[in-house]
There are 2 protein chains.
Amino acid sequence: MKIEDEIKQSKFESEFHKLTINVLFSGKWINDVMNQFHKQFDISSQQYNVLRILRGQYPKAATVNLISERMIDRMSNVSRLIDKLETKGLVERSSCKNDRRQVDIKITNDGLQLLKQIDVQQAQIMEKFNHLTTEEAIQLNNLLDKFRG
Amino acid sequence: MKIEDEIKQSKFESEFHKLTINVLFSGKWINDVMNQFHKQFDISSQQYNVLRILRGQYPKAATVNLISERMIDRMSNVSRLIDKLETKGLVERSSCKNDRRQVDIKITNDGLQLLKQIDVQQAQIMEKFNHLTTEEAIQLNNLLDKFRG
DNA sequence: GTACATTAAATGTATATACATATATTTGTA
DNA sequence: TACAAATATATGTATATACATTTAATGTAC
């Protein structure tokens, strides 16, 4: 569906103005899709993002800082996200020996299990959302990178 | 900057998975840029979006429903956004004669003035952010529309 | 070693958001 | 007409987010 129709606006000041709105809208759209999907697993998309980062480090631990740097949403409050995940038993904290300011965060077996469970369904659902060829996806990735400068 | 570097992730499951993250990231990125910019005018990007919609209708009034349909972020609580704008004297509410359930919302002169003031600076700033040719912008708009399906 | 700046993480707080529910009005229909 | 269903907006509430501040540990200059 064209962005003009999505937000019922027929005219834009320029192709670039339209693009700004299109990027904003598409970001929110995919964010909603993901949030909706993750809800059934009782985690937010941000929490999912943290779990993915921790699995990427596994079996090494990660620090709050490392997680922040790799998150899609930089503004997130990682400490409190970790609180939530810790309460659910999906991650565990332990103080870092080398630098006692830091906190080592590791994904638990339960966390890894949950991700595995999500992976399967996510792959299926993402299939349905993929309306682009690989060529087009590459092109879109490159244009978005260039858009941000 | 490539998305790989933005979130320090070198590998993605597929070009499409990377794309999902790229769209999410780019949306949040432009959202942050806009929020930061609008802050100096003491309004949020959502409030700005509402003002733009109201200017588009001017001198006609708009209803809460019409605004909702045209907003970039559909999930917004338009009633409370209008509260904020009304307090600042940028919009005014009046009950609709034809249908007393509806509320007529109109941008005030102060609201129009503020938008005019924002327009000038926004155009300048957006210039700096435009790293694409018109051809590329058109292409990116089309690919995003196709991405959402 | 002491003093001061820097860094890592956590916390406080105000505002924003998501989602359910309430209130008022209108519409459709028996 | 009466009464249920639908619609438009507003409100209640729990959670999330943005941003400033705090606490603790480390690094650095003297």
Side-chain angles (χ1 to χ4, degrees), chain A residues 24 27-29 31-50 53-54 61-88 91-106, chain B residues 24 27-29 31-50 53-54 61-88 91-106:
Chain A
L24 263 173
K28 291 192 190 287
W29 179 83
N31 192 50
D32 288 349
V33 168
M34 297 307 266
N35 261 321
Q36 214 55 40
F37 170 69
H38 289 135
K39 194 172 294 174
Q40 65 186 295
F41 303 102
D42 251 309
I43 57 170
S44 67
S45 290
Q46 307 261 41
Q47 288 172 24
Y48 173 73
N49 194 197
V50 171
I53 290 164
L54 289 174
T63 63
V64 169
N65 219 18
L66 180 141
I67 295 170
S68 282
E69 279 178 343
R70 291 167 189 239
M71 283 198 73
I72 298 168
D73 187 353
R74 294 292 173 59
M75 294 305 175
S76 288
N77 197 327
V78 177
S79 281
R80 276 184 275 228
L81 278 175
I82 302 293
D83 285 347
K84 302 272 167 59
L85 291 169
E86 201 179 19
T87 305
K88 291 175 198 165
V91 308
E92 53 193 11
R93 275 193 254 234
S94 60
S95 63
C96 178
K97 305 295 173 194
N98 309 354
D99 186 336
R100 282 186 303 164
R101 288 172 302 181
Q102 293 186 159
V103 173
D104 280 341
I105 301 151
K106 245 177 111 170
Chain B
L24 262 173
K28 291 191 189 288
W29 180 83
N31 192 50
D32 288 349
V33 169
M34 298 306 266
N35 261 321
Q36 213 57 39
F37 171 69
H38 289 136
K39 195 173 292 173
Q40 66 186 294
F41 303 102
D42 250 310
I43 57 170
S44 66
S45 291
Q46 307 263 42
Q47 289 172 23
Y48 173 73
N49 194 197
V50 171
I53 291 165
L54 289 174
T63 63
V64 169
N65 218 18
L66 180 141
I67 295 170
S68 282
E69 279 178 343
R70 290 165 189 243
M71 281 198 75
I72 298 168
D73 186 352
R74 294 292 172 59
M75 294 305 176
S76 288
N77 196 328
V78 177
S79 280
R80 275 184 275 229
L81 277 175
I82 302 293
D83 285 347
K84 301 272 167 60
L85 291 169
E86 200 179 18
T87 304
K88 291 176 197 164
V91 309
E92 52 194 9
R93 275 194 255 235
S94 59
S95 63
C96 178
K97 304 295 174 194
N98 310 354
D99 186 337
R100 282 185 305 164
R101 286 172 304 183
Q102 293 187 158
V103 172
D104 280 341
I105 301 151
K106 245 177 111 171

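In what follows, every chain begins at residue 1, and chains take the letters A, B, ... in the order their sequences are listed. All values reported here derive from a predicted model rather than from experimental measurement.
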Rounded to whole Å, how long is the line connecting atom CG of A/Asn31 with atom P of D/dA16? 13 Å

Under 4.0 Å, heavy atoms only, any strand: does A/Thr63 hit a base, just the sugar-phosphate, or nothing? sugar-phosphate

Side chain of A/Val103: nearest nucleotide among C/dA8, C/dA10, D/dT9? C/dA10

As a test of reading the structure: which of C/dT26, C/dT17, D/dA10 is closest to the side chain of B/Asp99, going by heavy atoms? C/dT26

Please figure out whether A/Leu66 or B/Arg100 has its closest DNA chain C nucleotide nearer the 5' end. A/Leu66

Would you check if B/Val50 and B/Ile53 make a side-chain contact, meaning some heavy-atom pair closer than 4.5 Å? no

It should be established whether A/Lys39 places a side-chain nitrogen or oxygen under 4.0 Å from OP1 or OP2 of nucleotide C/dC19. yes

Is the side chain of B/Lys84 donor-acceptor paired with the backbone N or O of B/Ile43 at a distance under 3.5 Å, no angle test? no

Is there a side-chain polar atom (N or O) of A/Lys84 under 4.0 Å from OP1 or OP2 of D/dT15? no

Rounded to the Å, how far apart are B/Asp83 CG and C/dT15 P? 14 Å

When the distance from CG of B/Leu81 to P of C/dT15 is rounded to whole Å, what number comes out? 15 Å

For the pair made of CD in A/Gln46 and P in C/dT17, what is the distance, rounded to whole Å? 14 Å

So does B/Asn77 get a side-chain nitrogen or oxygen closer than 4.0 Å to the phosphate oxygens (OP1/OP2) of C/dT17? no

Can you find a side chain N or O atom of B/Gln36 that sits less than 4.0 Å from OP1 or OP2 on D/dA18? no

B/Asn65 CG - C/dT25 C1' separation (whole Å): 14 Å

Along DNA chain D (nearest heavy atom to each residue), the more 5'-positioned of A/Ser44 and A/Lys97: A/Ser44

Looking at the base of D/dT7, is there any donor atom on it, or on the side chain of B/Arg101, that sits under 3.5 Å from an acceptor on the other one? yes

Is any side-chain N or O of B/Arg80 closer than 4.0 Å to OP1 or OP2 of C/dA16? no

Quick check on C/dT26: is either OP1 or OP2 less than 4.0 Å from any side-chain nitrogen or oxygen of B/Gln102? no

I want to check something: taking the side chain as every heavy atom from C-beta on, are B/Lys106 and B/Val91 in contact at a cut-off of under 4.5 Å? no

Does B/Arg93 make a side-chain N or O approach to OP1 or OP2 of D/dA8 shorter than 4.0 Å? no

Taking atom types as modelled, is there a side-chain donor on A/Ser94 or A/Asp104 under 3.5 Å from an acceptor on the other? no

Taking for each residue the nucleotide of DNA chain D bearing the nearest heavy atom, is the 5' side occupied by A/Gln47 or by A/Asn98? A/Gln47

With side chains defined as the heavy atoms from C-beta onward, is the minimum distance between B/Ile82 and B/Arg93 less than 4.5 Å? yes

